[in-house]
Each structure stands twice: as structure tokens, then as C-alpha cells.
Amino acid sequence: MSGLTREMEELEERELSEGQLDTEGYSRLLALYLVHNDVTNFKFLWTRVPVEAQAELGPLWTVGSCLWNKDIPALYSAIRQSWPPHLQSYMNVVEDNTKNRAVSLIQDAYTAISVERLCQLVGVDPSGCEAVCGRLGWTLDQSRHLIHPVRRQEDRTLNIACDQELVKITELICAIEN
């Protein structure tokens, strides 16, 4: 179990045993839900946060709402602000996780994507787009302002094992029926 997961569980247990957390405890738990992309629990926790603490935690709510609504460009805008020291590392992880998920989805879904759209989904400005493409081995077509992502290589070993198991099961069923 990772340290962040352990910390999240400890805060959940503390809230259960004490009935509520202080503002910093709520902010940490909300941020940890965002780190784990658990927006459902984020929203449920928000309803339990005391009203007087919600004003202070508003920026976290904005980030969580952007994730909930899948408004990735707005998420990058909301997350790039100065955070209290106890939240900064969590927000960096949320931003990195969002970028990594976006890259994975782009690799799976696009054969070509506009530079503008890639910048929105990955949270970089057009000048940083070339560096992203170079790092990922993607082709940048400057004349048409298109990027051609390289598909992720699938691990076929699991599929082969499943196919072999399916053959064994089919043979067993045929033997039982005859």
C-alpha cells in the first residue's frame, strides 16, 4: 500500500472516530481523493465539510469540479496557483496524473490531433508542444499543425494465456458432452 493511500485511510478513520476533521485534515483528504482521481468520494466528503471551512477550501472544490466535469483545460488553470505547503505536492501529483491520463487517452484514441487540442489536453503552451512530442516519439507536422501520436504497445501475453485457457475449457466441455 502506498504512503498516500495509507495517509488517506488514516484521515478517513480519524474522521469516523472523531466525527469531523480540522480544515487542514479536510484539505488533505480532499487533495488525496483528487490524487487518486476519486471524484465521487471527493464530492461526498465535500458535503460533510463544515460550511465555515468550505470558503477556505474553495480552490480545491474548483479543481475537483473540473475533474468531475472533465473540463481539463479549466483544471490546468485552476491547479496552477500557489497552494499551501501541505497541499502543493498533492496538486503537483494531480497535475502529473492528469497529464499522464491525457497522453494515454490520446495514444489510444487519435491517429492525428491538432496542436491546439493537444495543448489543451496536456496543459502545455504551443511552444512546449514540440518538447512533449519529442519525449513521446510523436511526429509533429508543422505545415498542417497536426501531431501524429504513436499507439501504445499492448501486452499480448495476457491475451495469449486467455486464448489458451479458452481452448482448454472448450475441450473439457466437448469431452463432458460426448
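Basis for what follows: all heavy atoms, side chains included, without hydrogens, waters or symmetry-related copies. Nothing here was measured: the structure is a model prediction, and the numbers come from that model.
A distance of 11.0 Å separates CD in Glu15 from CG in Asp22, rounded to the nearest 0.5 Å. To the nearest 0.5 Å, atom CD of residue Gln120 and atom OH of residue Tyr76 are 11.0 Å apart. Annotation: the span from Leu75 atom CG to Ile72 atom CD1 amounts to 5.5 Å, rounded to 0.5 Å. With values rounded to the nearest 0.5 angstrom, Asp38 atom CG is found 11.0 Å from Leu67 atom CG. A distance of 12.5 Å separates CD1 in Ile106 from OG1 in Thr111, rounded to the nearest 0.5 Å. Once rounded to the nearest 0.5 Å, the distance linking CH2 of Trp61 with CH2 of Trp68 reads 9.0 Å.
In this structure the side chain of Met8 reaches within 4.5 angstrom of the side chain of His36, judged on heavy atoms. Residues Pro59 and Trp83 meet the side-chain proximity criterion, which asks for heavy atoms closer than 4.5 Å. Inter-residue side-chain proximity for Arg101 and Asn37 is flagged as met; some heavy-atom pair is nearer than 4.5 Å. Leu34 has its side chain within reach of Leu60: a pair of non-hydrogen atoms, C-beta onward, lies under 4.5 Å apart.
Cluster annotation: Tyr110 is connected to Leu140 through the hydrophobic network of ILVMFWY side chains, with a link wherever side-chain heavy atoms come within less than 4.5 Å. Note on Leu57: it clusters hydrophobically with Tyr33, by side-chain heavy-atom contacts below 4.5 Å among ILVMFWY residues. Tracing side-chain contacts under 4.5 Å through hydrophobic residues (I, L, V, M, F, W, Y), one reaches Ile79 starting from Val39; they form part of the same cluster. In the hydrophobic cluster analysis, where Ile, Leu, Val, Met, Phe, Trp and Tyr join through side-chain heavy atoms closer than 4.5 angstrom, Met91 is grouped together with Leu45. Cluster membership check: Val115 shares its hydrophobic cluster with Val150, using side-chain heavy-atom separations under 4.5 Å among Ile, Leu, Val, Met, Phe, Trp and Tyr.
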**Request:** Just do the side chain to side chain contact (heavy atoms under 4.5 Å, CB included) check on Cys129 and Leu118 with the steps written out, would you?
**Result:** CA-CA 8 Å; Cys129 190; Leu118 178 82; 3.3 Å; yes

**Test log, rule side chain to side chain contact (heavy atoms under 4.5 Å, CB included), inputs Leu136 and Val103** = CA-CA 9 Å; Leu136 296 169; Val103 166; 3.8 Å; yes

**Test log, rule side chain to side chain contact (heavy atoms under 4.5 Å, CB included), inputs Glu9 and Arg6** = CA-CA 5 Å; Glu9 289 176 354; Arg6 187 174 306 111; 5.5 Å; no

**Item:** Verdict with reasoning, His145 to Asp141, per side chain to side chain contact (heavy atoms under 4.5 Å, CB included)
**Value:** CA-CA 6 Å; His145 301 288; Asp141 182 349; over 6 Å; no

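Glu56 and Tyr26 share no side-chain donor-acceptor pair at under 3.5 Å. No side-chain donor from either of Glu95 and Tyr90 sits under 3.5 Å from a side-chain acceptor of the other. For the residue pair Asn100 / Thr98, no side-chain donor-acceptor distance below 3.5 Å is found, with atom types taken as modelled. The closest side-chain donor-acceptor pair between His86 and Ser27 falls under 3.5 angstrom.
Gln107 pairs by the side-chain hydrogen bond (donor to acceptor under 3.5 Å, both in side chains) definition with nothing, not counting sequence neighbours. With sequence neighbours excluded, the residues forming a side-chain hydrogen bond (donor to acceptor under 3.5 Å, both in side chains) with Glu24 are Arg28, listed by chain and number.
Among Leu29, Leu30, Leu32, Val63, the single residue meeting the side-chain contact (heavy atoms from CB on, under 4.5 Å) criterion with Phe42 is Leu30.
Crowding of Glu130 atom CD: a count of heavy atoms from other residues, nucleotides or ligands under 6.0 Å not exceeding 12. Residue Arg151 qualifies as enclosed at atom CZ: its count of foreign heavy atoms under 6.0 Å is above 12. Surrounding CD of Gln88 are more than 12 heavy atoms belonging to other residues, nucleotides or ligands, all under 6.0 Å away.
The existence of a salt bridge linking Glu165 and Lys168 is confirmed by a sub-4.0 Å separation between a basic side-chain nitrogen and an acidic carboxylate oxygen.
Formation of a donor-acceptor pair under 3.5 Å by the Asn97 side chain with backbone atoms of Val35 is found in this model. Of the possible donor and acceptor atoms, one in the side chain of Gln54 sits under 3.5 Å from a partner among the backbone N and O of Trp46.
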